[in-house]
Novice: 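The structure under discussion is supplied below as structure tokens; questions concerning it will follow.
Keep in mind that what you see is a predicted model, and the values were worked out from it rather than measured.
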Amino acid sequence: MKTIIKNIGMLCLSGCLFSSCLEETFPTTIATTDQISTSEAAIGAMAQGPITAMTSYLGGTSDPGTVGYPGVMLWRDVMIDQNPVADTSYDYYNFYATLQAIGNYQTQTNFWTLYYELIYNANLTISVVDVENASETSLGYLSNALGYRAMAYMDMMRMYEYKRTGISELDAMADERDIWKLTVPIIRETTTETEGRNNPRAPFYTMYRFVLNDLNHAEEYLANITVSTKAWVSLGTVYGLKARFWLELASRFDRYPEDLTTALEHENDEDGYAALGITTAAQCYENAASYARKAIDLGYTPTTQEQWHSTTTGFNSAIDSWIWAIILTSESEGVANASDWESFIAYISPEVTYGVATSTYKARRMLDAKVFDGHLKGTSDWRKYSWVDPDDAGKAPTANYQTTLSNTEWATCPAYTGFKFRPNQGNGTTYLVGNAISLPLMRVEEMYFIEAEARAHTNGVSTGVSLLESFLNSYRYTDGSYSCSATTMDDFMDEMIAQKKIEFWGEGIVMWDYKRLERTVLRDYDGTNFVQSHRHNSIDGYVAAWLNIYIPDYEASSNNGVTGKLNPDPTSFID
């Protein structure tokens, strides 16, 4: 499909990001696809698009919480029982905590817009690269676009596919609308406007093969390319995405063999997408473990105690453990300098004086009390000093805690307040400096967890236990005393999820596990630190209703293919 790309010269050129990178001058500011496909510089400029889209500020006064993809990461934590807040007065993530305004509202519109803007930008690059004649550098740019597109669709297929909630009225609506096993509309680089206006939600088996097709090509093209910045898709990124992908499929096909049968019936559909190439759930688990190990073996090293607790670079700088990252600078448009308080770090860090997690505004974000009390307190796990122990609340910090706050200010932080994410350079007073952070999209630690879970299924629970113990004793416990007593898969997964909630607090990882495994969201329990208005539990044995994200009404108004096929609005059905 020929396109005209205007003002290409105004795009920010990506520079030399691959080992085979060559400099080339783009001759004009207006070009056809054929012209762009022969210019590495032009393709590189276009390939920057998905990276920029990740930090596009979509909030505004109606929804300041959606500060690009970092905001979506925090939203995903708030959706489950992962990230309670001490005071709601300045909590801009309140909707999915109170479970109000989670239907056709601004937040849901922002989610949808962000992902399809990301896909649009990826499609631009994919559409102009002539694979047969492309240089290695251009194939690297293409792989970046394919990786971002695969990530976006993988997120969306998990967010928007409707799963049973146990709420009879909602599930009956899903029956009436016949939306079971549907994901989201696929927009490819070749999709025309006419096709887009009648584009139905893709069934899960088509979406799976589409995503795998992108990942397979990215893996192939990156075979001989070294990527020099973690904002760009690398071979490690692709291995990590495949590990996530195969674990998702394994859990589904293990739990619902009939879905595996359906997928196999469509294995050879004539749509040009890759075949899954599996016949059992066990093969999916094996693939998940294999790709997780491939990522680990590339040489990424887990975050150290010193790196984790650094007051200047802690979780704000791309380090060896990070496979993929959002990287912001003080010049970044959108998230980094949307305003002083409208940014990820200003929402989550109590060390940022211009943010809302201060003693003035009190929106301190915390770790779930049942996780801290049950899995950190009294252990030698050095991660526990990322949150205020209840025994230390209201006092001056002991030497175990690392903070830039004064003793007086630190003492105002309630129990369980989190200090994991630090402002850039430890500067919590100048927002153009403090907000210019990097955030992890994927860390090697996740691969250790995926490998342990997958091996528990392929080699037995005892193998998974051994791998989990090995990771925690090698990298998190100072005295090697961690022991997991689980002998059943259910008990093992309870422990796994608790450890992932500690490890990935604030990174938006664990929500995927809750939906994938149909886990209960538990906020209302004896000793909870969730405020009263946030104490909502989901129905045991079902997916939390609010994890079936609402597709905004405007999509149906412009796309006849989804008319009558939107997810039910759960807002009025939750007590």
Novice: Can Asp155 and Tyr115 be counted as having a side-chain donor-acceptor contact under 3.5 angstrom?
Specialist: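 Side chains of Asp155 and Tyr115: pair found under 3.5 Å.
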Novice: Taking Gly506's backbone N and O only, do any of them form a donor-acceptor pair with Asp77's side chain (distance below 3.5 Å, no angle check)?
Specialist: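 Side chain of Asp77 to backbone of Gly506, a donor-acceptor pair under 3.5 Å: yes, one is there.
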Novice: Could you give all pairs that pass the salt bridge (Lys or Arg N to Asp or Glu O under 4.0 Å) test and reach residues 96-122, with sequence neighbours left out?
Specialist: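 Pairs touching residues 96-122 that pass the test: none.
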Novice: Just to verify, what does Thr430 make a side-chain contact (heavy atoms from CB on, under 4.5 Å) with, not counting sequence neighbours?
Specialist: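 Checked Thr430 against side-chain contact (heavy atoms from CB on, under 4.5 Å); matches are Asn427, Val433.
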Novice: For the rings on Phe245 and Tyr291, is their centre-to-centre separation under 6.0 Å?
Specialist: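 They do not qualify: ring centres at least 6.0 Å apart.
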Novice: Over all heavy atoms of both residues, which pair between Cys484 and Val465 is shortest? Give the atoms and the distance, please.
Specialist: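 Smallest interatomic distance, heavy atoms only, reads O-CG1, 3.5 Å.
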Novice: My understanding is that only one of Trp324, Tyr148, Tyr141 makes a ring pair (Phe, Tyr, Trp, His ring centres under 6.0 Å) with Trp232; could you say which?
Specialist: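 So the option named by the test is Tyr141.
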Novice: Are the aromatic rings of Tyr477 and Trp382 close, with centres under 6.0 Å apart?
Specialist: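 Here the rings of Trp382 and Tyr477 have centres that are no less than 6.0 Å from each other.
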Novice: Which is it for Arg476 and Ile502 under the side chain to side chain contact (heavy atoms under 4.5 Å, CB included) test, yes or no, and what are the steps along the way?
Specialist: CA-CA 11 Å; Arg476 297 296 179 257; Ile502 296 166; over 6 Å; no
Novice: So which heavy atom on Ala325 is nearest to which on Ala318, and how close?
Specialist: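 What the structure gives for the nearest pair is CB-CB, 4.5 Å.
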Novice: Tell me, do Val444 and Thr301 make a side-chain contact under 4.5 Å, heavy atoms counted?
Specialist: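 Val444 vs Thr301: side chains apart.
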Novice: Mark yes or no for whether Asp392, through its side chain, and Val388, through its backbone, hold a donor-acceptor pair below 3.5 Å.
Specialist: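 Not a single qualifying donor-acceptor pair exists.
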Novice: May I ask you to check whether Lys515 and Asn548 show a side-chain donor-acceptor distance below 3.5 Å?
Specialist: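 Short answer, yes.
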Novice: State whether the side chain of Gln108 and the backbone N or O of Ile551 hold a donor-acceptor pair below 3.5 Å, judged by distance alone.
Specialist: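 Checking the backbone N and O of Ile551 against the side chain of Gln108, no donor-acceptor pair under 3.5 Å is found.
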Novice: If you look only at pairs with a residue in residues 416-430, which of them pass as a salt bridge (Lys or Arg N to Asp or Glu O under 4.0 Å), with sequence neighbours excluded?
Specialist: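 Salt bridge (Lys or Arg N to Asp or Glu O under 4.0 Å) check on residues 416-430 returns Glu351-Arg422, Lys420-Glu507.
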Novice: Is there a side chain to side chain contact (heavy atoms under 4.5 Å, CB included) between Ser438 and Ser317 once you walk through the steps?
Specialist: CA-CA 5 Å; Ser438 298; Ser317 301; 5.5 Å; no
Novice: I'd like to know if Lys500 pairs up with Glu495 as an ion pair, taking the criterion as any Lys NZ or Arg NE/NH1/NH2 lying under 4.0 Å from an Asp or Glu carboxylate oxygen.
Specialist: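 No, this pair does not count.
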Novice: Determine yes or no for a side-chain-to-main-chain donor-acceptor pair under 3.5 angstrom, with Lys230 supplying the side chain and Trp322 the backbone.
Specialist: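 Yes, the answer is positive, given that a donor and an acceptor are paired below the 3.5 Å cut-off.
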Novice: Is Arg523 reaching over with its side chain to a backbone N or O of Arg535, donor-acceptor style, under 3.5 angstrom?
Specialist: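 The answer is no, because no donor-acceptor pair under 3.5 Å joins these two groups.
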Novice: Could you give all pairs that pass the salt bridge (Lys or Arg N to Asp or Glu O under 4.0 Å) test and reach residues 402-412, with sequence neighbours left out?
Specialist: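 Non-adjacent pairs meeting salt bridge (Lys or Arg N to Asp or Glu O under 4.0 Å): Arg364-Glu409.
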Novice: Could you tell me if the side chain of Gln305 sits less than 4.5 Å from the side chain of Thr478, heavy atoms only?
Specialist: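 Heavy-atom side-chain distance check passes, below 4.5 Å.
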Novice: Listed by chain and number, what are the side-chain contact (heavy atoms from CB on, under 4.5 Å) partners of Tyr475, not counting sequence neighbours?
Specialist: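 Here the qualifying residues are Pro302, Tyr448, Phe471.
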Novice: Does Leu74 offer a backbone N or O that forms a donor-acceptor pair with the side chain of Asn83 under 3.5 Å?
Specialist: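 Not confirmed, Asn83 side chain does not pair with Leu74 backbone.
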Novice: Determine whether Tyr354 and Asn435 satisfy the following criterion, side chain to side chain donor-acceptor pair (under 3.5 Å), listing intermediate values before the conclusion.
Specialist: CA-CA 10 Å; Tyr354 52 81; Asn435 285 351; 2.9 Å; yes
Novice: Is Asp513 salt-bridged to Arg519, going by a charged N under 4.0 Å from an acidic O?
Specialist: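 Salt bridge flag = no for Arg519 with Asp513.
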Novice: Which is it for Trp341 and Tyr92 under the ring pair (Phe, Tyr, Trp, His ring centres under 6.0 Å) test, yes or no, and what are the steps along the way?
Specialist: CA-CA 11 Å; Trp341 59 273; Tyr92 295 99; 5.0 Å; yes
Novice: Can any side-chain N or O of Thr520 pair as donor or acceptor with the backbone N or O of Leu522 at less than 3.5 Å?
Specialist: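 No, because the side chain of Thr520 does not come within donor-acceptor range (under 3.5 Å) of the backbone of Leu522.
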Novice: Looking only at heavy atoms, which two atoms of Ala53 and Asn121 are closest? And how far apart?
Specialist: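 Looking at all heavy atoms of both residues, the closest pair is CB-ND2, 3.9 Å.
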Novice: Using the side-chain contact (heavy atoms from CB on, under 4.5 Å) criterion, which residues pair with Ser251? Sequence neighbours excluded.
Specialist: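 Applying side-chain contact (heavy atoms from CB on, under 4.5 Å) to Ser251 gives Tyr285, Glu453, Arg516, Leu517.
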Novice: Using only atom types and a distance under 3.5 Å, with no angle test, would you say the side chain of Lys362 pairs donor to acceptor with the backbone of Val356?
Specialist: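 No.
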Novice: Could I get the full list of salt bridge (Lys or Arg N to Asp or Glu O under 4.0 Å) partners for Arg244, not counting sequence neighbours?
Specialist: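 Only Glu446 meet the salt bridge (Lys or Arg N to Asp or Glu O under 4.0 Å) criterion with Arg244.
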Novice: With sequence neighbours excluded, what pairs up with Ser321 under the side chain to side chain donor-acceptor pair (under 3.5 Å) test?
Specialist: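 Testing Ser321 for side chain to side chain donor-acceptor pair (under 3.5 Å), a comparison that skips the adjacent residues, returns Thr303.
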Novice: Applying ring pair (Phe, Tyr, Trp, His ring centres under 6.0 Å), which residue pairs with at least one partner in residues 509-537 are found, sequence neighbours left out?
Specialist: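 Residue pairs passing ring pair (Phe, Tyr, Trp, His ring centres under 6.0 Å), neighbours aside: none found.
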Novice: State, to 0.1 Å, how close Asn424 and Ile437 come at their nearest heavy-atom pair, and which atoms those are.
Specialist: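 Scanning both residues completely, I find the closest heavy atoms to be N-CG2, 3.7 Å.
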Novice: Quick one: list whatever passes side chain to side chain donor-acceptor pair (under 3.5 Å) with Ser89, sequence neighbours left out.
Specialist: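 Listed in chain order: Asp87.
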Novice: List the steps and the verdict of ring pair (Phe, Tyr, Trp, His ring centres under 6.0 Å) for Trp387 and Phe419.
Specialist: CA-CA 6 Å; Trp387 299 279; Phe419 284 80; over 10 Å; no
Novice: Should Asp389 and Phe372 be marked as a side chain to side chain contact (heavy atoms under 4.5 Å, CB included) after you check the CA-CA gap, both sets of side-chain angles, and the distance that decides it?
Specialist: CA-CA 8 Å; Asp389 188 304; Phe372 187 95; 3.7 Å; yes
Novice: Within the distance-only criterion (no hydrogens, no angle test), does the side chain of Arg158 pair as donor or acceptor with the backbone N or O of Met154 below 3.5 angstrom?
Specialist: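 Present.
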Novice: Can you tell me if Tyr116 has over 12 outside heavy atoms packed within less than 6.0 Å of its OH?
Specialist: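 Buried by this count: over 12 neighbours within 6.0 Å.
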Novice: Are any side-chain N or O atoms of Asn537 and backbone N or O atoms of Asp524, one a donor and one an acceptor, separated by less than 3.5 Å?
Specialist: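 Flag set: sc Asn537 to bb Asp524 pair under 3.5 Å.
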Novice: Do Tyr105 and Asn110 pair up side chain to side chain, a donor and an acceptor below 3.5 Å, judged on atom types alone?
Specialist: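 Checked: Tyr105/Asn110 side chains show no N/O donor-acceptor pair below 3.5 Å.
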Novice: Checking Ser310 now: which residues fulfil side-chain contact (heavy atoms from CB on, under 4.5 Å) with it, not counting sequence neighbours?
Specialist: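 For Ser310, the residues satisfying side-chain contact (heavy atoms from CB on, under 4.5 Å) (neighbours in sequence not counted) are Thr312, Thr313.
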Novice: Quick one, Lys501 with Lys370, criterion side chain to side chain contact (heavy atoms under 4.5 Å, CB included). Give me CA distance, side-chain angles, the key distance, then yes/no.
Specialist: CA-CA 11 Å; Lys501 289 174 77 173; Lys370 67 179 179 290; 4.2 Å; yes
Novice: So, for Ala150 and Leu215, which heavy atoms are closest and what is the spacing to 0.1 Å?
Specialist: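 Nearest pair, atom of Ala150 first, then Leu215: CB-CD2, 3.6 Å.
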Novice: Using the test salt bridge (Lys or Arg N to Asp or Glu O under 4.0 Å), find all partners of Asp479 that sit at least two apart in sequence or belong to another chain.
Specialist: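 With neighbours one apart ignored, the set is empty.
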Novice: Is the distance between the ring centroids of Tyr93 and Tyr347 less than 6.0 Å?
Specialist: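 Under 6.0 Å, so yes.
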Novice: Does the plane of the ring in Phe421 sit parallel, tilted or perpendicular to the ring in Phe344? Use 30° and 60° as the thresholds.
Specialist: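 Taking Phe344 first and then Phe421, their aromatic rings stand perpendicular (interplane angle over 60°).
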Novice: Is the charged tip of Lys242 near the ring of Tyr239: under 6.0 Å from the six-membered ring centre and within 45° of its axis?
Specialist: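 Judged by the rule (NZ or CZ under 6.0 Å from the ring centre, within 45° of its axis), Lys242 is not positioned above Tyr239.
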Novice: Answer yes if the ring centres of Tyr96 and Trp546 are under 6.0 angstrom apart, and no otherwise.
Specialist: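 When the ring centroids of Tyr96 and Trp546 are compared, they turn out to be at least 6.0 Å apart.
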Novice: Exactly one of Leu241, Ile326, Thr237 should register a side-chain contact (heavy atoms from CB on, under 4.5 Å) with Leu441. Which one does?
Specialist: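 With Leu441 as partner, side-chain contact (heavy atoms from CB on, under 4.5 Å) holds for just one option, Ile326.
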Novice: Mind listing the closest non-hydrogen atom pair of Asn104 and Pro552 along with its distance?
Specialist: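 Scanning both residues completely, I find the closest heavy atoms to be OD1-CA, 3.5 Å.
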